[in-house]
Amino acid sequence: MHADVVIIGSGVGGSAVAWQLAQTDARVLVIERGENLPRELENWDAEAVFGQLRYRTHETWLDRANQRYRPGQYYFVGGHTKFFGTAMFRFREADFGEVQHEEGISPAWPISYADLEPYYDLAESLFGIRGDVSGDPTEPPHCSPYPHPPVPDEPAIARLRRDFERQGLHPFHMPTSIDLGSGGGCIRCGTCDAFPCRIDAKGDAEKCLLRPALRRGSVTLMTGARVTRLVTDATGKRIVSAQVESREGRKTVTGDTFILSAGAVNSAALLLASANSRMPRGLANSSGAVGRYYMNHNCTAILAIDPRRVNDTRFPKTLSVNDFYYASEHDEWPLGNIQMLGKIREAMLRGAMPYMPKRALRYLSEHSVDLYAMSEDLPDHDSRIELTEQGEIRLVWKRTNLKPHARLVSKTKEILRRSGFPLVVSRRFGEDTPSHQCGTVRFGVDPALSPLDPLCKAYDHDNLYVVDAGFFPSSAALNPALTIAAQALRVGESLCRSLGPPAIANRIVEPT
Ligand SMILES: Cc1cc2nc3c(=O)[nH]c(=O)nc-3n(C[C@H](O)[C@H](O)[C@H](O)COP(=O)(O)OP(=O)(O)OC[C@H]3O[C@@H](n4cnc5c(N)ncnc54)[C@H](O)[C@@H]3O)c2cc1C
């Protein structure tokens, strides 16, 4: 099998490149280890999704103590966006420069916010983002407003917004890719964040990028096909083929250009697993940085409980607060972002509080307003993905910046108590939830320090790009999907140029 461009992984990174390349005549093959996510009643069933972990991978990873666990990884067409909470933030301008944090430095990116702005704009239009550019003092400049007005608050969230404003905070409308609003398909099913959407109302990578690309005809998707190794030519400079394990057995796919987008953990693992005599430390790895600098935000779920009120909100993710994002009068260090979490259900609490009777958990979930505090995790050389001799993934996450995160959580709790909630509890997300994984194949201007150049091309290879969240040199403190999409659209556009006409000129933005 041969393709002009082989894309490995159909998440937001891979699908964004496919969307761009669909405007050329290039034959593009997207290889995806997962299948199409089935549409079924269980999509919206908290017991199936959280109690039985129906969609979570069965593969296991090892932690630093070699304990086996089943990570929160989801292998389906569209990648993690099939389960994501639809929060589509731009990183802030300062996130692209060097930022001093309490526990170290968040390094500068090799590109500026201005370099990415047009692609943020394109990504927002492809994902049909609903939001309001005017509400958040930290919002960076936009060349155009969001394509749609924000999703209105439901009553419990509107009340919270008033309480926050009364305390001098600046809550704003969270940008979201949910198709909820005039003419939209969303029916406020009451599940969303961490659930698949049964009626395709979530703006995910499959819906907004991959399907439009597949409709153009020159892009093909191979599912149930896991790439196990990339093979180079004798010089080691060019990738010539990908070895694939699929239902039909082993295959070899040859290609002219390879776009790796298997997710930050799996892309690094694949590069390491592809070591050969020319590249004994793994592909793209003369810097030694592949698999290192793993980051995953410091995230905590905060439940504010008021026994006097049932919270019947169906889509709570309409409010966010960035008053603590930068160092300010609130704290001498950047603390991070606060946003709404999807509505918590009894089955979700069970894992965290197995000792509590179901009835008590149901009561808590019915009376809670649920928030999510997120702080930046800083890149650390020893925070890393390794492969065991058997080729299994060992993830040693060296968490950083936990002190400011603890302060963000305690400030959020304080604000919630002042908003009238008598009981506020919290729980930090652990290593088994690598939802915002990034940083393992970082881009940068110095090949001695970074595997990728500023266009995500591997310095060591002429025809290999990595476009999933692995390229992030820092994690910022906002959800990553829009930034992955924007950079992948930028890389894709540059590839279109190099592939020649009829690229670019025919751009049609498909309605979402
Ligand atoms: C529950 C949850 C909620 C989230 N909520 C938000 C949110 O609200 N906003 C936000 O911005 N972000 C959110 N995120 C994070 C966001 O979804 C991810 O950052 C983003 O989707 C990652 O995109 P990616 O392209 O880097 O990788 P992925 O989405 O992981 O895509 C990688 C793809 O490659 C495939 N693959 C892996 N290995 C191989 C292989 N060897 N061969 C072939 N295919 C392979 C995978 O099956 C997958 O489809 C959330 C994540 C989760 C899990």
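Each ligand, and each atom within it, is numbered from 1 in the order the structure gives. Along the sequence shown, the residues carry numbers beginning at 1. Hydrogens, waters and symmetry mates play no part in the numbers below; they use all other heavy atoms, side chains included.
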Colleague: Can you list, by chain and residue number, every protein residue with a non-hydrogen atom closer than 4.0 Å to ligand 1?
Modeller: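 Answer by chain and number: Ile8, Gly9, Ser10, Gly11, Val12, Gly13, Ile31, Glu32, Arg33, Tyr75, Phe76, Gly79, His80, Thr81, Phe83, Phe84, Gly85, Thr86, Ala87, Asp193, Ala194, Ala225, Arg226, Val227, Ser261, Ala262, Gly263, Asn266, Ser435, His436, Asp468, Ala469, Asn479, Pro480, Ala481, Ile484.
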Colleague: Is Arg292 paired with Asp380 through a side-chain N to carboxylate O contact shorter than 4.0 Å?
Modeller: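 Salt bridge absent between Asp380 and Arg292.
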Colleague: Is the Tyr459 to Phe443 ring centre distance short of 6.0 Å?
Modeller: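 No, too far apart.
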Colleague: Listed by chain and number, what are the ring-ring contact (aromatic ring centres under 6.0 Å, His included) partners of His297, not counting sequence neighbours?
Modeller: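 His436.
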Colleague: Which residues pass the ring-ring contact (aromatic ring centres under 6.0 Å, His included) test with Tyr55, not counting sequence neighbours?
Modeller: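 Expected list: Phe83.
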Colleague: Got a sec, which residues hit salt bridge (Lys or Arg N to Asp or Glu O under 4.0 Å) with Arg350, two or more places apart in sequence or on another chain?
Modeller: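 Partners of Arg350 under the salt bridge (Lys or Arg N to Asp or Glu O under 4.0 Å) test: Glu47, Glu346.
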Colleague: Among Arg33, Arg70, Arg68, exactly one meets salt bridge (charged side-chain N to carboxylate O under 4.0 Å, His left out) together with Glu59. Which residue is that?
Modeller: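 Going through Arg33, Arg70, Arg68 one by one, the salt bridge (charged side-chain N to carboxylate O under 4.0 Å, His left out) with Glu59 is satisfied by Arg33 alone.
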